[in-house]
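Remarks on the structure that follows.
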Amino acid sequence: MELSEQEIVRRNSLQAMRDLGIDPYPAAEYVVTGYSTQIKEEYDQWDGQTVRIAGRLMSKRIMGKASFIELQDSKGRIQVYVSRDDIQAPVPEGETATTAEQQMYNVVFKKLLDIGDFIGIEGVVFRTQMGEISVHAKSLTVLSKSLKPLPIVKYKDGVAYDGFNDPEQRYRQRYVDLVVNEGVKDVFLKRATILRTMRQVFDEAGYTEVETPILQQIAGGASARPFITHHNTLDVDMYLRIATELYLKRLIVGGFEGVYEIGRNFRNEGMDRSHNPEFTCMELYVCYKDYNWMMTFTENLLEKICLAVNGTTEVKVGDNIVSFKAPFRRLPILEAIQEKTGHDLSQMSEDEIRAIAKNEYHIEETEHMGKGKLIDEIFGETCEGTFIQPTFITDYPVEMSPLTKMHRSKPGLTERFELMVNGKELANAYSELNDPIDQYNRFVEQMKLADKGDDEAMVIDHDFMRALEYGMPPTSGIGIGIDRLAILMTGQPTIQEVLLFPTMRPEV
């Protein structure tokens with residue numbers, strides 16, 4: 001392993017610590033009694049009190065017999081004052097306390113500790129003459145020696161210099177990104193708040209969180225290209241799930257009133273600023289409800305999440321201010337297309353729609369695209385990106401919705417909605433199809449599309465059909481993309497910014 005000059009220096013310091021009888025990686029518990037932000041926010045309570053803090057050494061200003069350091073803990077940063085004559089140290093056999101203290105300061109602190117090392121400080125909280133809340137160190141404990149130097153980001157007037165900014169480096173080395181770049185950790189704390197709030201709303205409504213298989217023998221529940229793997233013991237090919245839908249509906253058949261799962265799905269498709277091959281999705285199914293009820297439930301859910309994350313129902317996403325204040329607009333898909341293009345596709349044949357898609361919008365249509373797929377492509381090309389404020393696009397053609405109940409009053413359409421926010425789909429929901437015969441016929445139509453070359457068409461899940469034949473009550477279900485929701489709620493530009501470890505090409 002080829003080491004840089006700084007890495008060699010740090011390894012030498014590591015050995016020097018051991019030679020002095022200091023364990024650079026101690027096993028004993030270090031009890032923390034306070035945190036940086038807590039001490040600053042509640043200074044009146046902490047002033048003059050003894051505290052134990054721990055974290056990374058992020059800067060050192062050595063001024064002879066006294067120095068200032070900046071310590072970064074899990075909450076933020078705080079200044080620590082270290083004086084040679086005050087700091088206590090273990091007294092090795094044959095040495096005096098004064099000698100040990102001077103060695104701890106003059107050798108360990110000044111020469112052997114590096115930026116990035118973890119240390120523990122026990123000291124007294126005070127305010128400096130410059131007014132900065134600090135900790136006056138009485139003892140220093142080495143907790144972990146850092147062998148690689150951190151990139152040092154410098155700030156002046158709120159502007160970062162010499163930053164760790166390259167996106168590929170940041171995503172590959174998220175552990176460094178979290179340490180040195182301000183605000184990155186906050187994004188993921190907000191993401192955790194999204195999930196916590198979502199679970200709270202569902203649990204208070206009486207719905208049950210469950211877990212369903214990730215390895216499945218049939219890639220069902222959505223139209224997508226799956227990842228394929230092989231089960232050696234069973235000697236069968238299996239798929240990483242593309243959706244949780246069909247298993248969750250089995251649980252509604254089994255007698256649950258409402259079930260939800262927040263988990264990973266996998267789709268072997270493109271990667272870009274809004275897609276990652278593995279992603280987090282929440283799916284919820286509630287019996288005796290329909291898609292109208294689900295629209296109301298969803299807008300109230302998202303309003304509560306936005307308030308929990310941002311303290312307001314509005315969030316800035318790029319150049320747009322998006323309001324999650326309920327209620328949201330509701331607009332049938334064919335009306336949306338007519339509103340944006342002037343074309344009323346409701347009375348047109350498949351050939352007429354195909355001609356519009358090809359000639360006016362230059363959509364690369366293929367033979368396996370049926371009427372519903374063409375309408376979906378036209379909507380995506382002309383409408384989807386224009387809906388900035390949350391909008392429920394409703395009543396999709398049956399060809400696009402093989403798991404959805406037929407519309408109760410609009411022939412050829414289904415009771416389905418997609419929620420569009422900031423020009424992207426955020427959620428997909430149905431009045432669930434619970435007629436086993438209708439469901440089987442829909443699967444057959446999907447198989448015909450597969451025979452034409454549509455590699456995203458669904459296959460027949462015979463066990464799911466068997467479950468439906470036992471009877472599933474009227475049910476409404478929804479899927480919400482958690483990664484896209486996190487993008488919106490945190491105002492980030494790409495999906496990679498809200499994934500701790502996005503999928504990357506292998507390093508060369």
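Under the 3.5 Å distance criterion, with hydrogens and angles disregarded, a donor-acceptor pair is assigned to the side chains of His230 and Asp235. Remark: the Tyr247 side chain and the Asp463 side chain contain no N/O donor-acceptor pair separated by less than 3.5 Å. For the residue pair Glu377 and Tyr361, no side-chain donor N or O sits within less than 3.5 Å of a side-chain acceptor on the partner.
When ring centroids are compared, Tyr260 and Tyr207 stay outside the 6.0 Å threshold.
Taking CZ of Phe266 as the start and CD1 of Ile228 as the end, the distance is 15.0 Å to the nearest 0.5 Å. Here Met58 contributes atom CE and Ile78 contributes atom CD1; the two are 15.0 Å apart, rounded to the nearest 0.5 Å. Atoms NZ and OG1, from Lys340 and Thr386 in turn, are 3.5 Å apart once rounded to the nearest 0.5 Å. Rounding to the nearest 0.5 Å places NZ of Lys371 at 5.0 Å from CD1 of Ile353. Here CG of Asp483 is found 11.0 Å from NE2 of His275. Values are rounded to the nearest 0.5 Å. Here the NZ atom belonging to Lys249 is positioned 7.0 Å from the CG atom belonging to Leu468, to the nearest 0.5 angstrom.
Checked options Lys405, Lys410, Arg330; the residue passing with Asp395 is Lys410 (criterion: salt bridge (charged side-chain N to carboxylate O under 4.0 Å, His left out)). Considering Asp376, Thr414, Ile333, Leu345 as possible partners of Pro397, the one that fulfils the side chain to side chain contact (heavy atoms under 4.5 Å, CB included) test is Ile333. The only option from Thr490, Leu499, Ile487, Asp186 that meets the side chain to side chain contact (heavy atoms under 4.5 Å, CB included) definition with Arg191 turns out to be Leu499. Applying the ring pair (Phe, Tyr, Trp, His ring centres under 6.0 Å) test between Phe392 and each of Phe417, Phe297, Phe387 identifies Phe417 as the sole match.
With salt bridges taken as basic N to acidic carboxylate O contacts below 4.0 Å, none links Arg442 and Glu445. A salt bridge between Asp461 and Arg250 is present, with a side-chain N of the basic residue lying under 4.0 Å from a carboxylate O of the acidic one. For the pair Arg264 and Glu278, the salt-bridge criterion is met [side-chain N within less than 4.0 Å of a carboxylate O]. Ion pairing of Lys75 with Glu41 is absent here, as no side-chain N (NZ or NE/NH1/NH2) approaches a carboxylate O to less than 4.0 Å. Under the 4.0 Å criterion applied to side-chain N and carboxylate O atoms, Glu497 and Arg170 are assigned as salt-bridge partners.
Between the side chain of Asp290 and the main chain of Asn292, a donor-acceptor pair closer than 3.5 Å is present.
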Using side-chain hydrogen bond (donor to acceptor under 3.5 Å, both in side chains), reason through Arg416 and Thr404 one step at a time and then give a plain yes or no. CA-CA 7 Å; Arg416 171 187 176 187; Thr404 312; 5.4 Å; no

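In this structure, Arg174 fails the cation-pi test against Phe501, since its NZ or CZ atom is not both closer than 6.0 Å to the six-membered ring centre and inside 45 degrees of the ring normal.
Of all the heavy atoms in His343 and Met348, the pair that sits closest is ND1-CE, 4.4 Å.
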